[in-house]
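Here's the structure we're looking at; comments come further down.
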Amino acid sequence: MDKNIVWHNYAVEKAHRGELKGHKPVILWFTGFSGSGKSTVANALESALHQIGVHTYLLDGDNVRHGLCKDLNFSDEDRIENIRRVGELSKLMVDAGLVVLTAFISPFQAERDMVRELVGEGEFIEVFLDTPLEVCEQRDPKGLYKKARAGEIKNFTGIDSDYQPPVSPEVKINTGENSLEESVQQLIEYLKNKKIIK
């Protein structure tokens, strides 16, 4: 980094913002196959948190690719850059005192670990949507698996691109077995047990 670029510290810090909001700032990082339920569970959880006064922001893989990451494709290199950008943005949002929910396939453990290292201890919560590939492919909400099987989409996670399951996620959910309500309740209980929310 250029030696003329200097970090500036400010009077109002992350802890102050968290105190003002009444909860701890964290990243809930939802990872799993396409169709595993990441966006659905994250959206339902954000609604539940909003109802109890928790300040949140949801970053979704498709939505981010309409703006911040619209110049990236789905090669391994671009997937890594996609997660790096989202990680840095999530770090800023945590610094702002928010509970950040991110719904990204994020197939590589090294990139998820990279985001974990950007924030403080206990501020990165890896939520593994451990829904079997066959269940995700049966759902195929966007018709992407069908296109990938037909060779119309290349580098599709689970078909011709690798997915590395989390080694030790903080939360594991199988949406093939759990209802949406059960999945949200599991996450709410985790956040309360960790004293992130009241």
Side-chain angles (χ1 to χ4, degrees), residues 1 5 7 14 24-43 45-46 56-96 98-133 135-137 141-142 144-145 148 153-175 183 187 190-191 194 196:
M1 184 176 289
I5 299 174
W7 184 267
K14 176 170 53 180
K24 292 182 181 176
V26 294
I27 300 171
L28 286 152
W29 191 276
F30 292 82
T31 178
F33 290 119
S34 177
S36 62
K38 298 179 300 300
S39 296
T40 301
V41 175
N43 184 44
L45 176 62
E46 185 179 36
T56 60
Y57 197 86
L58 172 55
L59 294 167
D60 180 82
D62 282 353
N63 292 359
V64 167
R65 283 183 178 271
H66 278 90
L68 179 67
C69 299
K70 68 180 179 181
D71 59 322
L72 302 176
N73 62 40
F74 292 92
S75 67
D76 286 353
E77 294 78 15
D78 278 6
R79 285 178 184 270
I80 291 166
E81 174 59 14
N82 184 55
I83 297 307
R84 188 196 70 77
R85 292 182 193 180
V86 172
E88 292 289 351
L89 178 58
S90 298
K91 175 185 176 182
L92 291 173
M93 290 183 163
V94 164
D95 194 53
L98 300 176
V99 170
V100 186
L101 303 92
T102 72
F104 292 82
I105 293 172
S106 48
F108 307 122
Q109 184 69 50
E111 279 63 60
R112 297 191 301 265
D113 289 345
M114 172 192 66
V115 179
R116 183 185 293 272
E117 290 167 11
L118 290 174
V119 293
E121 183 72 29
E123 291 180 343
F124 182 90
I125 300 164
E126 194 171 34
V127 182
F128 177 31
L129 277 289
D130 188 17
T131 306
L133 180 62
V135 173
C136 299
E137 193 164 356
K142 302 172 191 172
L144 299 177
Y145 283 101
I153 299 176
K154 300 296 182 190
N155 302 314
F156 193 79
T157 305
I159 305 300
D160 60 352
S161 186
D162 191 29
Y163 178 78
Q164 299 168 354
V167 176
S168 53
E170 281 74 14
V171 181
K172 187 188 289 189
I173 298 171
N174 182 343
T175 62
S183 300
L187 287 159
Y190 176 88
L191 294 172
K194 294 294 182 180
I196 293 162

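Note that the numbering runs from 1 along the sequence shown for the chain. The shown structure was predicted, so the numbers you read here are calculated from the model rather than taken from an experiment.
A cation-pi contact, defined as under 6.0 Å to the ring centre and within 45° of the axis, is absent between R112 and F124.
Looking only at distances, no side-chain donor or acceptor of K38 sits under 3.5 Å from a matching main-chain atom of L129. Counting only distance, with no hydrogens or angles, the side chain of R85 and the backbone of L68 share a donor-acceptor pair below 3.5 Å. A distance-only check finds a donor-acceptor pair linking the side chain of T31 to the backbone of I105 [under 3.5 Å]. Using a distance-only test at 3.5 Å, with no hydrogens or angles considered, a donor-acceptor pair links the side chain of E170 to the main chain of E126. With hydrogens and angles ignored, the 3.5 Å screen pairs a side-chain donor or acceptor of Q164 with a backbone N or O of Q109. Formation of a donor-acceptor pair under 3.5 Å by the D160 side chain with backbone atoms of N155 is found in this model. S36 places a side-chain N or O within donor-acceptor distance of the main-chain N or O of F33, the cut-off being under 3.5 Å. Remark: the backbone N or O of N73 is paired with a side-chain donor or acceptor of R65 at under 3.5 angstrom.
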Passes side-chain contact (heavy atoms from CB on, under 4.5 Å), L187 versus V41? Steps please.
-> CA-CA 10 Å; L187 287 159; V41 175; 3.7 Å; yes

Could you go through the salt bridge (charged side-chain N to carboxylate O under 4.0 Å, His left out) check for E81 and R84 one step at a time?
-> CA-CA 5 Å; E81 174 59 14; R84 188 196 70 77; 2.9 Å; yes

Which is it for I196 and I125 under the side-chain contact (heavy atoms from CB on, under 4.5 Å) test, yes or no, and what are the steps along the way?
-> CA-CA 11 Å; I196 293 162; I125 300 164; 3.6 Å; yes

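Other residues, nucleotides and ligands contribute only 12 or fewer heavy atoms inside 6.0 Å of the NZ atom of K172.
You'll find the ring centres of Y145 and F156 inside the 6.0 Å limit.
For the atom pair C69 SG and D78 CG, the distance stands at 9.5 Å (nearest 0.5 Å).
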